[in-house]
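The structure appears below as structure tokens.
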Amino acid sequence: MQELLAGVVFLIAYVLIATDRYDKTILALLGGLVMILLGIIDQHEAFAAIDFNVIFLLAGMMILAGILRRTGFFQWIAILSTKIAAGEPFRLLIVLSFVAAVLSAFLDNVTTVVLIAPVTLYIAAALHVSPVPFLISEILASNIGGTATLIGDPPNILIGSASGLDFGAFLLNMGPPAILIFLAFLVTVRVFFGRQLEVHPEIRDAVLALDEREVLEEPRLLRISLIVIGLTIGAFLVHGAFGFEPATIALFGAAVLMLLARIEPSEVLEEIEWPTLFFFIGLFMLVEGIVHVGLVQAAADVLLDITGRQQGVTTISLLWLSGFASAIVDNIPYTATMIPVVRDMAAEGLAIEPLWWALALGACLGGNATIIGASANVVVANLATRAGHPIGFRDFLPYGIVVVVESLVIASVYMWLRYLA
Amino acid sequence: MTEPVRLARQTRVASCQDILAIGPLLVHRDDDLLDIVRRSARQPATRTIGVIDDDGRVVGIIRVLRLTESIVARVSPEAVMVGIKDAVEVGRFGHAVEDRIAGDIMEPPATISPEATVSEAFREMHKHQVTGLYVVDAAGRPTGYVDLLELAIRLADALDEERRSNSDRASNGGGAASGGGASDQAPTAPGSLGGDATAEGP
């Protein structure tokens, strides 16, 4: 009976989150609390399931990005990169995608794409081309870049915390496929958009007139922010060796930057996306409900029966399942649900590390398939509509599907050669 | 509440709209933004421009700040880019770099009936975040323009009048009751302060 109740609560919450009719934070919280009210888990178990390493790592990174955002750094780097491209539109698309990918590997994807979008929109207007190819490429690149590191994308943060795999392990294992996939992506966007972006040489000069120094608001704050964020990322690289969790590093970096930035803490803390954090809190409780009654164990058994309990088949299946599932539902609740499934699969005798990488690659890359697949996609669609260049579900889908399929093929080959052959 | 203040609460917009020489500035949806800037510069006190349709009805407004933003964004986009924080602001910026005609930047009309009160006009200005409203007839055609400052001056006059009548009453002995009240309170406050000081002194 408890299994049935927990399954129904979980399913209702999941379906409602996927349909996007109600706020997902409220739904996840309500779902988790209903698990307590129905006696499936008690409050102590529910709260113990909340992974504060995830919550505080996210909060710390939000503070760091929030302060950096005030300095004009994102616009500065975007303008600087457009000068490298010397007004040639396709080269501009490549450098802006590269900037989106690299920044997204270390900072929040949404902040990255939103803050390089103004430069993108201006350049497209100045060159008399549509900004849509640029925006679509930046979304895709941002999600690919986020795949590369532990802090790049929320699924990686979840997996990193659950698995104990550190920042260096993520970089060494997720970095190479992310680079390969990004290179393939560059070829693909050439095919997609190469012809659309041919402009008369005379109007190319318009973008060269931009002065990157004019967008820098607070040079002192910029210097301090870059130093502290750089040191924080450096500390991430060695956190495992010193036995510190990533959340400690991120919160320490955030606290030091708040101290040096001399900004009112209340002002900085406003930058934290509290709805996202409460979404995670609700999800942890919700998933604990179905773990507690044994539903996750049962799901792992079913999946293993289908794959014949073979490491190779199971790993590659998990990669593709995660890719397709993340295209349809939010990759955060998907990953939160699959983490205990992966643990149970490992308990049945499979090597766990390849399974973690398969889950991480699938969940991060799958977000590229649709315009609602990841937060960055949704936010860019929103700003594009407001700017008078709407990107509809169908406009994005062909590009998204192609990039996800090629990404998953590359990831499969990489996984096979590195972990399974 | 004194009589002048009570009357001020019922003051109609129609009685304010001509206090200052700030008149309407009307443009059409297809008018070029550069032309509108030049016209606006000849009438600098009008900070909210009205957009009218072919029948002369107000169909939108343009704030001078937004107009300027569109011009600056085309020449020096960095100045407008600074401070952009979220998707809403990016969307607005994206529009600004492409805006060319009045229709591109106009916002929903902010209008008021001449029969509306000053406080209703103030609420409307606050809601639309504008410093002036188009006074329109029943068909939506503009009959005038009322500026925020005209509302303020109208009410300031009432407050001045109230102050004058109060001081007149006081000097005519009419203020005996309130004067008595003040003299009742006067010894209490210093007395209590003095008491505290004495208590702390020794």
Side-chain angles (χ1 to χ4, degrees), chain A residues 65-66 68-76 78-79 82 110-111 113-132 134-135 138 206-207 209-218 270-271 273 375-390, chain B residues 27-37 49 51 53 59-110 127-130:
Chain A
L68 184 61
R69 182 160 68 176
R70 294 162 170 257
T71 65
F73 170 75
F74 291 88
Q75 284 98 336
W76 177 80
I79 293 177
T82 60
V110 173
T111 305
V113 290
V114 165
L115 294 183
I116 62 174
V119 177
T120 308
L121 291 169
Y122 172 74
I123 286 169
L127 293 174
H128 304 296
V129 293
S130 165
V132 171
F134 291 89
L135 295 173
E138 285 162 18
V207 296
L210 286 172
D211 186 351
E212 69 279 5
R213 285 165 304 184
E214 282 190 34
V215 293
L216 285 183
E217 283 200 276
E218 299 180 58
E270 265 179 26
E271 308 269 0
E273 294 155 44
S375 315
N377 314 15
V378 177
V379 175
V380 172
N382 176 16
L383 71 85
T385 304
R386 287 174 185 276
H389 298 279
Chain B
V27 299
H28 286 94
R29 196 190 284 263
D30 294 330
D31 289 353
D32 188 275
L33 294 184
L34 300 182
D35 295 335
I36 297 174
V37 168
I49 299 160
V51 184
D53 63 11
V59 290
I61 55 149
I62 295 172
R63 281 179 288 166
V64 170
L65 178 66
R66 181 80 176 80
L67 176 65
T68 312
E69 201 174 79
S70 295
I71 306 297
V72 173
R74 281 156 70 175
V75 179
S76 184
E78 301 94 330
V80 187
M81 236 180 252
V82 165
I84 286 182
K85 277 194 306 202
D86 56 29
V88 177
E89 290 168 1
V90 177
R92 213 175 85 165
F93 172 81
H95 243 302
V97 295
E98 291 184 357
D99 295 335
R100 294 294 180 269
I101 56 169
D104 290 337
I105 62 168
M106 76 178 195
E107 296 169 47
K127 191 173 106 190
H128 291 276
Q129 294 286 295
V130 290

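Sequence lines set the chain letters: A, B, ... in the order given, protein chains first and strands last, and positions in each chain run from 1.
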Could you tell me the separation between the [atom1] atom of [X] and the [atom2] atom of [Y], rounded to the nearest 0.5 Å?
| X | Y | atom1 | atom2 | value |
| --- | --- | --- | --- | --- |
| B/Glu89 | A/Leu115 | CD | CG | 10.0 Å |
| B/Glu98 | A/Tyr122 | CD | OH | 12.0 Å |
| A/Leu383 | B/Phe93 | CG | CZ | 12.0 Å |
| B/Lys85 | A/Arg69 | NZ | CZ | 7.0 Å |

- Item | Exceeds 12 heavy-atom contacts within 6.0 angstrom, atom CZ of B/Arg66 |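 Buried by this count: over 12 neighbours within 6.0 Å.
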- Query: Is it the case that more than 12 heavy atoms not belonging to A/Arg213 sit under 6.0 Å from its CZ atom?
  - Reply: no
- Message: Counting only non-hydrogen atoms closer than 4.5 Å, does A/Glu214 touch chain B with its backbone (N, CA, C, O), its side chain (CB onward), both, or neither?
- Response: both
- Query: Non-hydrogen atoms of chain B under 4.5 Å away: do they reach the side chain of A/Val380, the backbone, both or neither?
  - Reply: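 For A/Val380, there is no contact with chain B at all, as no heavy atom is under 4.5 Å.
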- Query: In terms of heavy-atom pairs under 4.5 Å with chain A, which of B/Ala79, B/Ala87, B/Ser76, B/Ala96 leads?
  - Reply: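 Top count of heavy-atom pairs under 4.5 Å with chain A: B/Ala87.
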- Task: Using a cut-off of under 4.5 Å on heavy-atom pairs, state which of B/Asp104, B/Val97, B/Val90 scores highest against chain A.
- Result: B/Val90
- Of all the heavy-atom pairs spanning B/Gly94 and A/Ala387, show the shortest one and how long it is.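 Heavy atoms only, the tightest pair is CA-CB, 3.9 Å.
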- Where is the tightest heavy-atom contact between A/Pro118 and B/Met81, given as atom of each residue plus distance? CB-CG, 3.6 Å
- Check each atom of B/Ala73 against the heavy atoms of chain A and say whether the ones under 4.5 Å are side chain, backbone, both or neither. backbone
- Task: Using the side-chain contact (heavy atoms from CB on, under 4.5 Å) rule, pick out the option among A/Ile123, A/Asp211, A/Leu210 that qualifies with B/Pro77.
- Result: A/Leu210
